[in-house]
Every structure is written in C-alpha cells, then in structure tokens.
Amino acid sequence: MKVAAKVPRNQDQAERENWDDSGSGRMAHPVIEGEPDLSHGVILYLEDITVSFDGFRALNKLTLSIDVGELRCVIGPNGAGKTTMMDVITGKTRPDSGQAFFGQSMDLTKLAEAEIAHAGIGRKFQKPTIFEHHTVFENLELAMKTDKRVRRSLFARLRSEDYDRIAQTLTTIRLENEADREAGLLSHGQKQWLEIGMLLMQEPRLLLLDEPVAGMTDDETERTAELFVSLAGQHSLMVVEHDMAFVEALGSKVTVLHEGSVLAEGDLATVQADQRVIEVYLGR
C-alpha cells in the first residue's frame with residue numbers, strides 16, 4: 001500500500017480551508033498542515049516503523065492499518081511492542097525509521113503530542129485518570145473540546161447544545177444516573193467508563209484503549225464490550241487487551257504482535273489456530 005503524497009497548498013487555498021463554514025464569519029482554529037484525508041477508508045497507516053531503546057528493538061518494521069470506523073484488537077505477549085506502538089501513534093516516542101499516517105496524509109512523526117490529540121486521536125491508559133473531587137457531569141464538562149484560554153473559561157456558560165452533548169455522552173457510557181455523583185465514589189468500572197466519556201467529549205476520530213477491562217467485574221467487562229461495539233462506526237478503536245473472553249465478545253479483527261512486528265491477523269478463531277501464535281503467546 002502506498003500513501004498518497006501531500007500536495008503543497010498555496011496561501012489562498014489554505015485560507016479557504018481554514019475558514020469556519022458555519023456561517024458565523026469567523027476564522028476556525030488553525031488547521032494542522034496535512035489534515036486527514038479519510039476518503040480512502042483508512043484512518044491509520046503505519047509502515048515499517050522501527051524503534052530501538054539501548055540496542056533493544058521494540059518495534060521492528062511494524063506495518064499495519066486501521067480502517068475508518070473499525071474496531072481492532074491488538075494482542076501479544078509482554079514486550080511485543082504494543083505500548084511502544086501506541087506511543088508512536090500519539091507522538092510520545094519518535095520512530096527511528098518508518099512512517100505513521102493519520103488519514104493517509106497527516107504525518108504523525110512530525111507532530112507534537114498536543115497536535116496529535118487535537119487532530120483527533122485520544123488515548124486511554126490502563127489506570128483511569130479523572131477528577132475525583134468533581135461530579136461525573138463536571139468531569140465531562142471539563143473535558144469538552146472548547147476554547148480553554150483562561151478568560152474564556154472564567155466567563156463560559158454552557159449552551160443548550162453543550163448540555164445535550166453531555167447528556168448524550170452520559171447515556172452512551174451508562175452513567176446518566178450518576179451525573180451528580182462525585183467521581184471518586186464510582187466503582188472501578190464506572191471510572192473507566194467516565195474516562196472514556198471524557199475522551200468522547202474531545203470528539204476523537206481514533207481511540208487507543210490500553211487494557212480497558214483490567215480489574216473489572218464480569219458484568220462491567222460485558223458492558224464495556226457492548227460500549228465499544230456501539231462506538232465502532234462512529235469512531236475507530238484500537239484496543240490492546242489480554243483478556244481473550246473480552247476480545248471474543250468484541251468480535252473484531254485481531255492483530256497479534258510479537259517482537260515488534262505483526263505475527264498474525266484475522267478473526268480470533270483464525271489467530272487462535274495459528275501455530276506461531278500458540279507457541280509465542282496463547283500456549284504460555
């Protein structure tokens with residue numbers, strides 16, 4: 001697969017693309033050079049990504065792609081390169097070589113972490129990060145994708161459409177009955193859902209989810225699978241997980257990493273039957 005080359009834009013074209021077309025007569029926020037082109041159905045494309053740490057090759061010419069709206073599971077033994085891969089995608093780690101494109105045209109290897117997050121990539125780590133002394137509603141409000149400059153924040157008032165967005169997100173993450181509850185009083189699973197809701201308030205195109213059901217009860221794990229399946233299509237999701245029952249419940253394509261490269265891909269039954277996967281991962 002070849003990635004389309006980025007065509008330089010002249011100043012007039014750039015200004016037209018940066019204009020807010022809502023009819024408000026305002027300039028929109030600055031567009032990052034190389035806005036994602038989703039016309040070909042691929043939202044993330046990694047090609048020959050290599051990362052080494054003190055001689056250890058964490059990623060070894062890793063190549064994979066994620067389609068728009070796809071739910072993808074990534075599995076593999078410890079040290080397979082799963083976390084390093086997500087670090088590259090989010091700009092935390094720069095690859096030694098290779099290319100990483102968001103929407104085929106935005107080169108992630110040239111952007112800062114904040115720029116990548118603003119472009120539409122959200123990441124959730126295993127341990128939930130929420131504002132425990134604020135209510136569930138306030139957590140979602142604080143996470144909303146708005147102008148965070150101090151003066152604007154001090155005098156901001158929620159509009160009716162903002163309330164609607166928060167209410168819709170509360171329903172999506174099944175915390176509508178917990179809106180006024182202090183976040184620190186939630187169960188572990190509810191805290192995980194709240195953080196996912198906070199990511200959704202940022203309007204991400206791609207969600208990276210690292211072992212999201214670790215420590216959850218069976219019921220919470222089942223509800224999380226239902227949540228992810230419901231989000232697919234509206235968002236693209238990459239889920240790194242060790243819980244095979246959870247992976248099975250998602251019913252998605254599975255990528256197996258080993259020693260920094262893709263070892264196998266396919267549905268869960270296919271990769272579980274792959275002798276190489278059994279030897280390096282499932283048989284342990």
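As the structure is a computational prediction, the values presented were derived from the model and not from experiment.
- A 6.0 Å sphere centred on CD of E113 holds more than 12 heavy atoms belonging to other residues, nucleotides or ligands.
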### Task
Walk me through it: do L44 and L206 pass the test side chain to side chain contact (heavy atoms under 4.5 Å, CB included)?
CA-CA 8 Å; L44 178 71; L206 172 64; 4.1 Å; yes

### Task
Carefully, step by step, assess L231 and T172 under the rule side chain to side chain contact (heavy atoms under 4.5 Å, CB included).
CA-CA 9 Å; L231 292 176; T172 298; 4.0 Å; yes

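- A salt bridge is absent between R165 and D162; no separation between the charged side-chain nitrogens and carboxylate oxygens falls under 4.0 Å.
- Inspection of the T270 and D267 side chains reveals an N or O donor paired with an N or O acceptor under 3.5 Å.
- Environment of CG in D219: crowded, with over 12 heavy atoms of neighbouring residues, nucleotides or ligands closer than 6.0 Å.
- T217 contributes a side-chain N or O that, together with a main-chain N or O of E220, makes up a donor-acceptor pair within less than 3.5 Å.
- The salt bridge (Lys or Arg N to Asp or Glu O under 4.0 Å) test applied to R174 returns E226, not counting sequence neighbours.
- Checked options V136, T169, I130, L142; the residue passing with M198 is I130 (criterion: side-chain contact (heavy atoms from CB on, under 4.5 Å)).
- A pairwise comparison of heavy atoms in T50 and R57 identifies CG2-NE, 3.8 Å as the closest pair.
- Side-chain contact check for Q192 and T224: no donor-acceptor pair (N or O, by modelled atom type) lies under 3.5 Å.
- A salt bridge is absent between K82 and D87: the closest approach of a Lys/Arg side-chain nitrogen to an acidic carboxylate oxygen does not fall below 4.0 angstrom.
- Counting only residues at least two apart or on different chains, the side chain to side chain donor-acceptor pair (under 3.5 Å) pairs with a member in residues 238-256 are R72-T255, H242-Y281, T255-E265.
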